[in-house]
Amino acid sequence: MEKVAQELIEIFGNQIKFNKDFEKYIKELKEGMVKEFIEWCKRCKNNKELGSVPPRKEYKQLYVFFRKIGSDIRATLIKEQNKDFIEIILSNHKYYDQTRLKLGYKKSSYYGS
């Protein structure tokens, strides 16, 4: 995990933050999936992946990338428009849904919410 975080800091800079469960989910990934994830991060950094501006007005200054990794791990990469990448979130599907909901991308797919 430490090696992966260090590699991501080298890609994005010291301002990048990791969610609290990042370590837990990175450990669940197979080595090939970790390499794919890092390559995806590099492509995002080099403007080779398509991201989007969140629909909610209060997040219009952000640019967000989403990726599914494996069956239940999701990655969200957040950048300030025309500035630095600020956060990497690795999480399960439920937390990913909550993030997308917060940013205005979707309505919850969970019943009763």
Side-chain angles (χ1 to χ4, degrees):
M1 150 62 199
E2 200 56 45
K3 182 175 166 272
V4 174
Q6 193 54 49
E7 205 166 335
L8 293 170
I9 288 168
E10 285 172 23
I11 295 167
F12 297 118
N14 287 326
Q15 79 290 340
I16 198 78
K17 290 187 182 82
F18 301 92
N19 65 309
K20 66 180 175 64
D21 289 334
F22 182 87
E23 190 172 338
K24 172 187 171 195
Y25 288 105
I26 208 77
K27 286 177 181 173
E28 289 182 22
L29 296 177
K30 293 182 173 95
E31 192 177 332
M33 291 173 159
V34 172
K35 283 183 180 162
E36 280 277 318
F37 171 63
I38 290 171
E39 287 305 311
W40 174 73
C41 287
K42 288 178 184 174
R43 289 193 306 274
C44 290
K45 170 81 169 147
N46 295 321
N47 293 317
K48 303 234 184 314
E49 288 287 330
L50 191 60
S52 62
V53 175
R56 290 188 67 182
K57 282 189 192 93
E58 63 265 40
Y59 298 109
K60 291 287 185 201
Q61 79 284 8
L62 301 178
Y63 199 67
V64 183
F65 301 85
F66 295 106
R67 182 176 178 96
K68 177 182 175 184
I69 307 171
S71 61
D72 191 47
I73 297 179
R74 304 290 184 270
T76 307
L77 186 55
I78 302 173
K79 154 188 212 299
E80 289 184 286
Q81 283 200 41
N82 304 314
K83 291 187 185 165
D84 294 325
F85 283 84
I86 54 172
E87 188 173 12
I88 297 174
I89 302 168
L90 266 189
S91 61
N92 62 17
H93 199 277
K94 189 169 185 176
Y95 187 83
Y96 169 80
D97 267 0
Q98 290 170 346
T99 301
R100 289 172 50 91
L101 195 60
K102 181 177 111 179
L103 295 171
Y105 282 100
K106 69 176 300 254
K107 293 184 172 28
S108 179
S109 58
Y110 289 90
Y111 297 106
S113 50

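Every value quoted in this text rests on a predicted model; they were computed, and no experiment measured them.
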Legend entry - Stepwise side chain to side chain contact (heavy atoms under 4.5 Å, CB included) test for Leu90 and Asp21: CA-CA 7 Å; Leu90 266 189; Asp21 289 334; over 6 Å; no
Inset, instruction - Starting at CZ of Phe85, measure out to NZ of Lys17 and round the result to the nearest 0.5 Å. - result: 15.0 Å
Legend entry - Nearest-0.5 Å distance that lies between atom CG in Asn46 and atom SG in Cys41: 11.0 Å
Inset, instruction - Drop me the distance from Leu101's CG to Arg56's CZ, to the nearest 0.5 angstrom. - result: 8.0 Å
Inset, instruction - Working to the nearest 0.5 Å, report the span between CD of Glu58 and CG of Leu103. - result: 9.0 Å
Inset, instruction - Can you see which heavy atom on Pro55 is nearest to which on Gly104, and at what distance? - result: CG-O, 3.1 Å
Inset, instruction - Rounded to the nearest 0.5 Å, what's the gap from CG on Asp84 to CG on Asn14? Could you check? - result: 10.5 Å
Inset, instruction - Could you tell me whether Glu31 and Lys35 make a salt bridge, using a distance below 4.0 angstrom between a side-chain N and a carboxylate O? - result: yes
Inset, instruction - Without swapping roles, check the side chain of Glu87 against the backbone of Asn19 for a donor-acceptor pair under 3.5 Å. - result: no
Inset, instruction - Begin from the C-alpha positions of Leu8 and Phe22 and carry the test side chain to side chain contact (heavy atoms under 4.5 Å, CB included) through to its verdict. - result: CA-CA 12 Å; Leu8 293 170; Phe22 182 87; 3.6 Å; yes
Legend entry - Minimum-distance pair of heavy atoms, taken over all atoms of Tyr59 and Lys102: CE1-O, 3.3 Å
Legend entry - Separation between CD1 of Ile9 and CD of Gln15, rounded to the nearest 0.5 Å: 9.5 Å
Inset, instruction - Hey, can you tell me if Tyr105 and Phe66 have their rings parallel, tilted or perpendicular (30° and 60° cut-offs)? - result: perpendicular
Inset, instruction - Count the heavy atoms belonging to other residues, nucleotides or ligands that lie under 6.0 Å from CG of Asn82, then report whether that count exceeds 12. - result: no
Legend entry - Working for side chain to side chain contact (heavy atoms under 4.5 Å, CB included), residues Ile16 and Ile11: CA-CA 10 Å; Ile16 198 78; Ile11 295 167; over 6 Å; no
Inset, instruction - With sequence neighbours excluded, tell me which residues meet side-chain hydrogen bond (donor to acceptor under 3.5 Å, both in side chains) with Tyr25. - result: Asn92
Legend entry - Arg43 bridged to Glu39 by N-O distance under 4.0 Å: no
Inset, instruction - Take Glu23 and Phe18 through the test side chain to side chain contact (heavy atoms under 4.5 Å, CB included) and record every step on the way to the result. - result: CA-CA 9 Å; Glu23 190 172 338; Phe18 301 92; over 6 Å; no
Legend entry - Contact summary for Gln81 and Leu62, nearest pair of heavy atoms: NE2-O, 3.4 Å
Could you tabulate the donor-acceptor pairs under 3.5 Å formed by side-chain atoms of residues 68-79, not counting sequence neighbours?
from	atom 1	to	atom 2	distance (Å)
Asp72	OD1	His93	N	3.4
Arg74	NH1	Ser71	O	3.4
Lys79	NZ	Lys83	O	3.2

Inset, instruction - Sequence neighbours left out, what passes side-chain hydrogen bond (donor to acceptor under 3.5 Å, both in side chains) with Glu36? Give chain and number order. - result: Arg67
